[in-house]
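Structure, as structure tokens:
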Amino acid sequence: MKAFVFCVIYLCGLILPSNGNSSHDPSRLVSSYRDQIVKNQQGKPSFHLRPLHNWMNGPVYYKGFYHMFYQYNPYGSVFNKTIVWGHSVSHDLVNWIHLKNALVPTKPFDINSCWSGSITVLPGNKPVVLYTGLDANNQQVQNLAMPKNLSDPFLEEWVKYSGNPLMTPPNGVKPGDFRDPTTAWKGKDGNWRVVVGGLRNNKGVAILYRSKDFVHWILYDDPLYSGRNTGIWECPDFYPVSVNSRDGVENSAKGKNLKYVLKASFEAHDYYTIGSYQSDKEKFVPDGEGLTGSTSGMRYDYGKFYASKSFFDREKKRRILWGWINESDGSADDIKKGWAGIQSIPRQVYLSRTGRQLVQWPVEETKILREKHVTYSDKKLKAKSLFEVTGIKASQVDIELSFKLPKLEEAEVLDPKWDDPQILCSTKTAIVTGRAGPFGLLVMASRDLIEHTAVFFRVFKDTHQFIVLMCSDQSRSSLRQGIDKTTYGAFIRMGHEDEMISLRSLVDHSVIESFGADGRACITARVYPKFYVKKEAHLYVFNNGSRDVVIKTLDAWNMKTTKGNW
């Protein structure tokens with residue numbers, strides 16, 4: 001990856017400062033680093049995965065542990081020219097043990113950094129790593145590493161292949177535009193395939209290779225897929241999804257009831273498209289417009305979410321997605337805090353009933369963290385009103401609620417010119433009254449509401465369906481200056497038969513992950529309200545529309561601080 005972005009690495013786990021000694025006793029692991037933990041600051045997330053110190057950005061299941069490997073700066077909380085692979089492990093995807101760094105620059109083929117890559121599990125339950133190294137000439141090359149001891153469930157020691165690099169930039173690809181190999185998959189001929197992200201002839205490309213032995217790789221003349229006007233494709237991901245089940249399928253799965261997802265990270269977003277894989281021609285064919293970066297392009301998340309990676313969880317037969325959430329304040333703030341960047345809540349991902357998009361939802365293990373609970377049902381929220389959700393800690397909460405949709409004739413007509421949801425959310429903010437909406441949540445709010453973040457819906461009609469605008473409005477999130485307060489938006493199409501729309505938001509101090517319509521649209525935000533330095537946050541449900549809104553159900557839980565976060 002480039003110097004200013006980082007990709008999530010395909011594996012599950014946590015990290016520790018470099019060169020740390022570790023033990024298989026989790027309590028000893030924790031205590032050995034306790035003296036290095038900085039004092040907790042307001043805004044530091046408590047149940048999102050992050051390093052103990054310093055800078056990170058953006059999983060595999062092996063012998064009872066989920067492993068997360070990620071790019072990590074062991075020397076500070078901003079980007080450094082030397083990047084390593086951090087490593088953490090977990091039994092449950094929420095509580096983590098930080099291990100010593102897994103890959104550090106040591107050889108000519110990665111002496112200037114160990115950048116992103118992926119893990120593939122070979123026959124015999126043997127995990128191997130393909131990763132991008134920045135070599136002695138600052139050229140991006142693809143390398144192989146293997147566990148030193150397959151009997152170690154922590155996979156603490158890794159051995160780099162002596163024949164590295166395995167792949168170097170092909171003709172037409174610049175030395176700095178060739179990175180982030182995917183998890184490999186096996187074709188009908190028994191050969192492995194892998195994709196590397198790049199830029200060639202001003203096209204973002206998924207560069208395709210094949211290999212019989214996972215060591216000697218042959219370049220295909222044509223990429224698996226390419227796209228114009230997108231810039232370089234970082235952190236590509238390619239995997240099958242089931243047409244008729246929420247169960248995940250492994251990367252090498254074959255069958256008629258499969259669709260394929262191709263995702264690439266570019267222009268600060270993670271775009272994906274759904275289509276078919278013509279294995280005889282080694283081509284991906286999208287069902288729709290493909291990866292174009294247009295306002296109508298599908299994204300995993302319409303907020304702060306980048307360099308994501310999915311993996312197939314063999315234990316529970318599901319596909320799990322993880323993304324990097326960067327900060328919204330400045331580098332000087334990161335240095336002062338002593339840390340920067342977190343991982344998203346792990347999300348299960350599957351194909352929607354229509355087959356036209358993916359659905360995402362926090363993994364079921366997230367519920368382990370729930371404790372104190374408050375609930376409401378069949379509560380009418382009158383026009384231009386709000387009420388406070390009390391009895392829980394509003395800065396560390398998981399809240400789910402469902403609203404009854406209005407009658408279709410009561411909704412405003414969607415103007416065809418309103419084709420960009422982010423611009424529309426920036427124009428029709430939470431304080432702009434409409435017929436059916438805005439209604440939703442005010443989170444990380446001061447008591448006087450001078451500072452708050454609004455996560456809300458606004459309902460429009462278009463022919464015979466609802467078009468729901470979902471917004472995450474950071475414009476009033478903080479009185480502080482120099483902070484990114486972008487407002488994010490997404491469209492959700494609802495049928496005339498749909499009677500309810502749901503909203504779930506996980507608030508973890510400075511991070512807000514929101515899931516609309518059971519996960520059909522996701523928006524992640526980072527917020528830093530000024531009041532929160534000295535006072536506790538508040539949580540409100542609001543309706544600023546001209547019609548009453550019915551809250552069918554509302555459930556909110558305090559969330560525990562996970563092990564591995566101090």
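- Salt-bridge check for Lys100 with Glu156: failed, with every basic side-chain N at 4.0 Å or more from each acidic carboxylate O.
- Side-chain contact of Thr183 with Asn251: a donor-acceptor pair under 3.5 Å is absent, judged by distance alone.
- Salt bridge Arg210/Asp189: absent, no basic N to carboxylate O contact under 4.0 Å.
- For the pair Ser245 and Tyr350, the minimum side-chain heavy-atom distance is 4.5 Å or more.
- Shown are Arg504, Arg347, Lys304; of these, the salt bridge (Lys or Arg N to Asp or Glu O under 4.0 Å) with Glu513 is made only by Arg347.
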Checklist line | Ser242/Asn244 under side-chain contact (heavy atoms from CB on, under 4.5 Å): CA gap, chis, key distance, verdict | finding: CA-CA 6 Å; Ser242 173; Asn244 50 24; 3.2 Å; yes
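- When the shell of 6.0 Å around NZ of Lys367 is examined, it contains 12 or fewer heavy atoms from other residues, nucleotides or ligands.
- Using a 4.5 Å heavy-atom threshold, the side chains of Pro127 and Leu150 count as touching.
- Phe266 and Trp233 have parallel rings, their planes meeting at less than 30° on a 0 to 90° scale where 60° marks the start of perpendicular.
- Open room surrounds CG on Asn229; 12 or fewer heavy atoms of other groups in view lie less than 6.0 Å from it.
- Across all their heavy atoms, Val194 and Thr182 have their closest contact at CG2-O, 3.2 Å.
- Residues Asn95 and Ser90 have side chains that never bring a donor and an acceptor to within less than 3.5 angstrom of each other.
- Checked by atom type, the side-chain pair Tyr277/Trp185 shows a donor-acceptor distance below 3.5 Å.
- A donor atom on one side chain and an acceptor atom on the other are found under 3.5 Å apart for Gln474 and Ser472.
- At least one side-chain heavy atom of Leu503 sits under 4.5 Å from a side-chain heavy atom of Ser505.
- Contact check on Arg246 versus Glu364 returns no salt bridge, with no Lys/Arg side-chain nitrogen under 4.0 Å from an Asp/Glu carboxylate oxygen.
- Contact of the Phe238 side chain with the Val261 side chain is not registered, since no non-hydrogen atoms from C-beta on lie closer than 4.5 Å.
- For the residue pair Ser265 and Asp270, a side-chain donor N or O sits within less than 3.5 Å of a side-chain acceptor on the partner.
- The shortest distance between side-chain heavy atoms of Gln360 and Asp301 does not fall below 4.5 Å.
- Side chain of Lys254 to main chain of Ser252: a donor-acceptor pair is present (N/O by atom type, distance under 3.5 Å, no hydrogens or angles).
- Ser344 places a side-chain N or O within donor-acceptor distance of the main-chain N or O of Gly323, the cut-off being under 3.5 Å.
- Between Phe214 and Thr120 the shortest side-chain heavy-atom distance falls below 4.5 Å.
- Between His91 and Tyr66, the distance from one ring center to the other does not fall under 6.0 angstrom.
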